[in-house]
Amino acid sequence: FDKSFDESLIVYQRRDFYRHARYVHGWLSAFAFIVLIFFAVTGLILNHPEWFTPATDENTETITLPENVLTQIKDQENPSTQIVDYLRQHHAVIGRYKSGEVMDNEVMIHLASPAGSTDIWVTLDNGQAEITLKPASTVSLISDLHRGKNAGKAWTWLIDISAIIITILSLAGYILFLSIKTRLKTHLFLTVFSLALLMLLVWTVV
(Lines give C-alpha, C1' and ligand atoms only; values in the text may rest on other atoms or scores of the structure.)
Protein backbone atom coordinates (compact mmCIF):
# COMPACT_ATOMS: atom_id res chain seq x y z
CA PHE A 1 0.00 0.00 0.00
CA ASP A 2 2.82 2.37 0.92
CA LYS A 3 4.60 1.74 -2.37
CA SER A 4 1.40 2.33 -4.34
CA PHE A 5 0.76 5.51 -2.39
CA ASP A 6 4.29 6.77 -3.03
CA GLU A 7 3.98 6.09 -6.75
CA SER A 8 0.63 7.89 -6.88
CA LEU A 9 2.15 10.85 -5.03
CA ILE A 10 5.07 11.02 -7.46
CA VAL A 11 2.68 10.95 -10.43
CA TYR A 12 0.57 13.68 -8.85
CA GLN A 13 3.62 15.86 -8.12
CA ARG A 14 4.86 15.38 -11.67
CA ARG A 15 1.49 16.38 -13.12
CA ASP A 16 1.37 19.36 -10.77
CA PHE A 17 4.86 20.41 -11.88
CA TYR A 18 3.92 20.26 -15.56
CA ARG A 19 0.67 22.11 -14.86
CA HIS A 20 2.59 24.95 -13.24
CA ALA A 21 5.00 24.97 -16.18
CA ARG A 22 2.02 25.41 -18.54
CA TYR A 23 0.68 28.25 -16.38
CA VAL A 24 4.02 30.05 -16.39
CA HIS A 25 4.40 29.52 -20.12
CA GLY A 26 0.90 30.86 -20.77
CA TRP A 27 1.14 33.87 -18.47
CA LEU A 28 4.44 35.08 -19.91
CA SER A 29 3.73 34.31 -23.56
CA ALA A 30 1.94 37.53 -24.56
CA PHE A 31 4.62 39.92 -23.33
CA ALA A 32 7.53 37.66 -24.26
CA PHE A 33 6.33 37.08 -27.82
CA ILE A 34 5.96 40.83 -28.45
CA VAL A 35 9.48 41.43 -27.14
CA LEU A 36 10.86 38.49 -29.14
CA ILE A 37 9.27 39.85 -32.33
CA PHE A 38 10.75 43.31 -31.66
CA PHE A 39 14.28 42.05 -31.07
CA ALA A 40 14.05 39.56 -33.94
CA VAL A 41 12.92 42.25 -36.41
CA THR A 42 15.48 44.81 -35.20
CA GLY A 43 18.20 42.14 -35.33
CA LEU A 44 17.24 41.38 -38.94
CA ILE A 45 17.34 45.08 -39.83
CA LEU A 46 20.75 45.52 -38.21
CA ASN A 47 22.01 42.61 -40.29
CA HIS A 48 21.02 44.51 -43.46
CA PRO A 49 21.85 48.22 -42.99
CA GLU A 50 21.94 48.65 -46.77
CA TRP A 51 18.14 48.55 -46.78
CA PHE A 52 18.03 52.11 -45.40
CA THR A 53 19.30 55.52 -46.46
CA PRO A 54 22.26 57.07 -44.58
CA ALA A 55 21.76 59.48 -41.71
CA THR A 56 20.84 63.11 -42.30
CA ASP A 57 23.87 65.43 -42.39
CA GLU A 58 24.74 67.14 -39.13
CA ASN A 59 23.64 70.71 -38.60
CA THR A 60 25.72 73.37 -36.81
CA GLU A 61 24.29 76.56 -35.35
CA THR A 62 26.15 79.39 -33.63
CA ILE A 63 24.36 81.53 -31.03
CA THR A 64 25.24 83.92 -28.23
CA LEU A 65 24.01 83.27 -24.73
CA PRO A 66 22.22 86.24 -23.14
CA GLU A 67 23.99 88.32 -20.50
CA ASN A 68 21.73 87.15 -17.67
CA VAL A 69 22.61 83.50 -18.42
CA LEU A 70 26.35 84.30 -18.59
CA THR A 71 26.12 86.10 -15.25
CA GLN A 72 24.54 83.02 -13.64
CA ILE A 73 27.08 80.52 -14.95
CA LYS A 74 30.41 82.40 -14.96
CA ASP A 75 31.26 81.70 -11.31
CA GLN A 76 30.25 78.03 -11.43
CA GLU A 77 32.83 75.28 -11.56
CA ASN A 78 30.87 73.34 -14.22
CA PRO A 79 27.78 75.11 -15.60
CA SER A 80 26.95 72.37 -18.13
CA THR A 81 23.49 71.49 -16.78
CA GLN A 82 22.43 75.15 -16.61
CA ILE A 83 23.53 75.70 -20.22
CA VAL A 84 21.65 72.60 -21.38
CA ASP A 85 18.50 73.69 -19.50
CA TYR A 86 18.60 77.07 -21.24
CA LEU A 87 19.21 75.58 -24.69
CA ARG A 88 16.36 73.10 -24.29
CA GLN A 89 13.99 75.98 -23.66
CA HIS A 90 15.12 78.16 -26.57
CA HIS A 91 16.77 75.92 -29.17
CA ALA A 92 16.47 72.46 -30.68
CA VAL A 93 18.79 69.92 -29.09
CA ILE A 94 18.81 66.13 -29.31
CA GLY A 95 19.62 63.69 -26.53
CA ARG A 96 20.07 63.43 -22.79
CA TYR A 97 22.98 64.89 -20.87
CA LYS A 98 25.98 62.55 -21.03
CA SER A 99 29.03 64.62 -20.17
CA GLY A 100 30.23 68.16 -19.63
CA GLU A 101 33.61 69.59 -18.79
CA VAL A 102 35.30 72.98 -18.57
CA MET A 103 38.70 73.54 -20.15
CA ASP A 104 40.46 76.88 -20.78
CA ASN A 105 37.27 78.82 -20.13
CA GLU A 106 35.35 76.71 -22.62
CA VAL A 107 32.50 74.34 -21.78
CA MET A 108 32.19 71.15 -23.81
CA ILE A 109 28.89 69.29 -23.49
CA HIS A 110 27.73 66.05 -25.08
CA LEU A 111 24.10 64.89 -25.29
CA ALA A 112 23.04 61.54 -26.72
CA SER A 113 19.97 59.37 -27.18
CA PRO A 114 18.78 56.83 -29.78
CA ALA A 115 17.34 59.78 -31.74
CA GLY A 116 20.80 61.30 -32.21
CA SER A 117 23.34 63.46 -30.40
CA THR A 118 24.27 67.08 -29.76
CA ASP A 119 27.73 68.56 -29.16
CA ILE A 120 27.84 71.99 -27.55
CA TRP A 121 30.88 74.27 -27.23
CA VAL A 122 30.47 77.43 -25.17
CA THR A 123 33.08 80.17 -24.74
CA LEU A 124 32.46 81.73 -21.35
CA ASP A 125 34.30 84.97 -22.19
CA ASN A 126 31.79 86.12 -24.79
CA GLY A 127 28.92 83.62 -24.42
CA GLN A 128 29.31 82.27 -27.94
CA ALA A 129 27.88 78.76 -28.27
CA GLU A 130 28.28 76.35 -31.14
CA ILE A 131 25.56 73.68 -31.30
CA THR A 132 26.08 70.68 -33.57
CA LEU A 133 23.08 68.40 -34.08
CA LYS A 134 23.63 64.87 -35.38
CA PRO A 135 20.26 63.18 -36.08
CA ALA A 136 20.28 59.39 -35.98
CA SER A 137 19.71 57.29 -39.05
CA THR A 138 17.05 54.60 -38.99
CA VAL A 139 19.73 51.93 -38.56
CA SER A 140 21.52 53.70 -35.69
CA LEU A 141 18.19 54.38 -33.96
CA ILE A 142 17.23 50.71 -34.15
CA SER A 143 20.75 49.69 -33.13
CA ASP A 144 20.64 51.81 -29.97
CA LEU A 145 17.19 50.49 -29.04
CA HIS A 146 18.26 46.91 -29.75
CA ARG A 147 21.38 47.21 -27.57
CA GLY A 148 19.97 49.66 -25.02
CA LYS A 149 22.69 52.20 -25.83
CA ASN A 150 21.90 55.81 -24.81
CA ALA A 151 18.29 54.75 -24.22
CA GLY A 152 18.04 55.57 -20.53
CA LYS A 153 17.40 53.56 -17.38
CA ALA A 154 13.79 52.65 -18.19
CA TRP A 155 14.75 50.99 -21.48
CA THR A 156 17.69 49.21 -19.82
CA TRP A 157 15.30 47.80 -17.21
CA LEU A 158 12.94 46.72 -20.01
CA ILE A 159 15.75 44.78 -21.71
CA ASP A 160 16.81 43.11 -18.44
CA ILE A 161 13.25 42.17 -17.48
CA SER A 162 12.55 40.93 -21.01
CA ALA A 163 15.67 38.74 -20.93
CA ILE A 164 14.60 37.20 -17.61
CA ILE A 165 11.01 36.62 -18.76
CA ILE A 166 12.09 35.09 -22.07
CA THR A 167 14.52 32.79 -20.23
CA ILE A 168 11.79 31.61 -17.85
CA LEU A 169 9.37 31.20 -20.75
CA SER A 170 11.91 29.18 -22.70
CA LEU A 171 12.67 26.92 -19.73
CA ALA A 172 8.95 26.36 -19.10
CA GLY A 173 8.40 25.58 -22.77
CA TYR A 174 11.36 23.21 -22.82
CA ILE A 175 10.00 21.37 -19.78
CA LEU A 176 6.70 20.92 -21.59
CA PHE A 177 8.65 19.89 -24.70
CA LEU A 178 10.30 17.06 -22.75
CA SER A 179 7.12 16.06 -20.90
CA ILE A 180 5.77 14.16 -23.91
CA LYS A 181 7.15 10.72 -23.09
CA THR A 182 6.23 9.15 -26.41
CA ARG A 183 8.53 11.59 -28.20
CA LEU A 184 11.20 11.97 -25.55
CA LYS A 185 13.96 10.34 -27.61
CA THR A 186 13.15 12.49 -30.62
CA HIS A 187 13.09 15.66 -28.53
CA LEU A 188 16.40 14.79 -26.87
CA PHE A 189 17.93 14.14 -30.28
CA LEU A 190 16.66 17.53 -31.51
CA THR A 191 18.14 19.17 -28.42
CA VAL A 192 21.57 17.61 -28.94
CA PHE A 193 21.44 18.39 -32.66
CA SER A 194 20.50 22.03 -32.01
CA LEU A 195 23.29 22.47 -29.46
CA ALA A 196 25.82 20.87 -31.80
CA LEU A 197 24.73 23.10 -34.69
CA LEU A 198 24.96 26.21 -32.51
CA MET A 199 28.43 25.26 -31.28
CA LEU A 200 29.53 24.63 -34.88
CA LEU A 201 28.29 28.07 -35.99
CA VAL A 202 30.01 29.73 -33.02
CA TRP A 203 33.24 27.91 -33.84
CA THR A 204 33.15 29.05 -37.48
CA VAL A 205 32.82 32.77 -36.63
CA VAL A 206 35.27 33.13 -33.72
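In what follows, every heavy atom counts, from backbone to side chain, and hydrogens, waters and symmetry copies are set aside.
- The minimum heavy-atom distance between Glu101 and Ser80, with the atom names listed, is N-OG, 4.0 Å.
- Distance check, rounded to the nearest 0.5 Å: CG of Asp119 to OG1 of Thr132 gives 6.0 Å.
- Heavy atoms of other residues, nucleotides or ligands lying less than 6.0 angstrom from CH2 of Trp121 number 12 at most.
- With rounding to the nearest 0.5 Å, the separation of NE2 in His146 from OG1 in Thr42 is 4.5 Å.
- Contact annotation: the side chain of Ile159 approaches that of Phe39 to within less than 4.5 Å [non-hydrogen atoms, C-beta and beyond].
- Within a 6.0 Å radius of NZ in Lys98, more than 12 heavy atoms belonging to other residues, nucleotides or ligands are found.
- Ile37 and Leu44 end up in the same hydrophobic cluster when Ile, Leu, Val, Met, Phe, Trp and Tyr side chains are linked at under 4.5 Å.
- Side-chain atoms of Ser113 come within 3.5 Å of backbone N or O of Ala115 as a donor-acceptor pair.
- Judged by distance alone, the side chain of Ser162 and the main-chain N or O of Leu158 form a donor-acceptor pair under 3.5 Å.
- Of the possible donor and acceptor atoms, none in the side chain of Asn105 sits under 3.5 Å from a partner among the backbone N and O of Thr123.
- Ile120 belongs to a hydrophobic cluster whose remaining members, ordered by chain and number, are Ile63, Leu65, Val69, Leu70, Ile73, Ile83, Val84, Tyr86, Leu87, Val93, Ile94, Tyr97, Val102, Val107, Ile109, Leu111, Val122, Leu124, Ile131, Leu133; membership requires side-chain heavy atoms of ILVMFWY residues under 4.5 Å apart, directly or through intermediates.
- Rounded to the nearest 0.5 Å, atoms CE (Met199) and CH2 (Trp203) are 11.5 Å apart.
- Checking Thr138, Asp144, Leu145 one by one against Leu141, the side chain to side chain contact (heavy atoms under 4.5 Å, CB included) holds for a single residue, Leu145.
- Taking every heavy atom of both residues into account, Ala136 and Pro114 meet most closely at CB-O, 3.2 Å.
- Between Arg96 and Arg88, the shortest heavy-atom contact is CA-NH2, 3.7 Å.
- Once rounded to the nearest 0.5 Å, the distance linking CD of Glu61 with OG1 of Thr118 reads 11.0 Å.
- Between the side chain of Asp104 and the backbone N or O of Glu106 there is no donor-acceptor pair closer than 3.5 Å.
- In this model, no donor atom of one side chain and acceptor atom of the other lie less than 3.5 Å apart for Gln72 and Gln82.
- Ser143 contributes no side-chain N or O that, together with a main-chain N or O of Val139, makes up a donor-acceptor pair within less than 3.5 Å.
- Here Ile161 contributes atom CD1 and Thr156 contributes atom OG1; the two are 11.0 Å apart, rounded to the nearest 0.5 Å.
- With values rounded to the nearest 0.5 angstrom, Thr60 atom OG1 is found 8.5 Å from Lys134 atom NZ.
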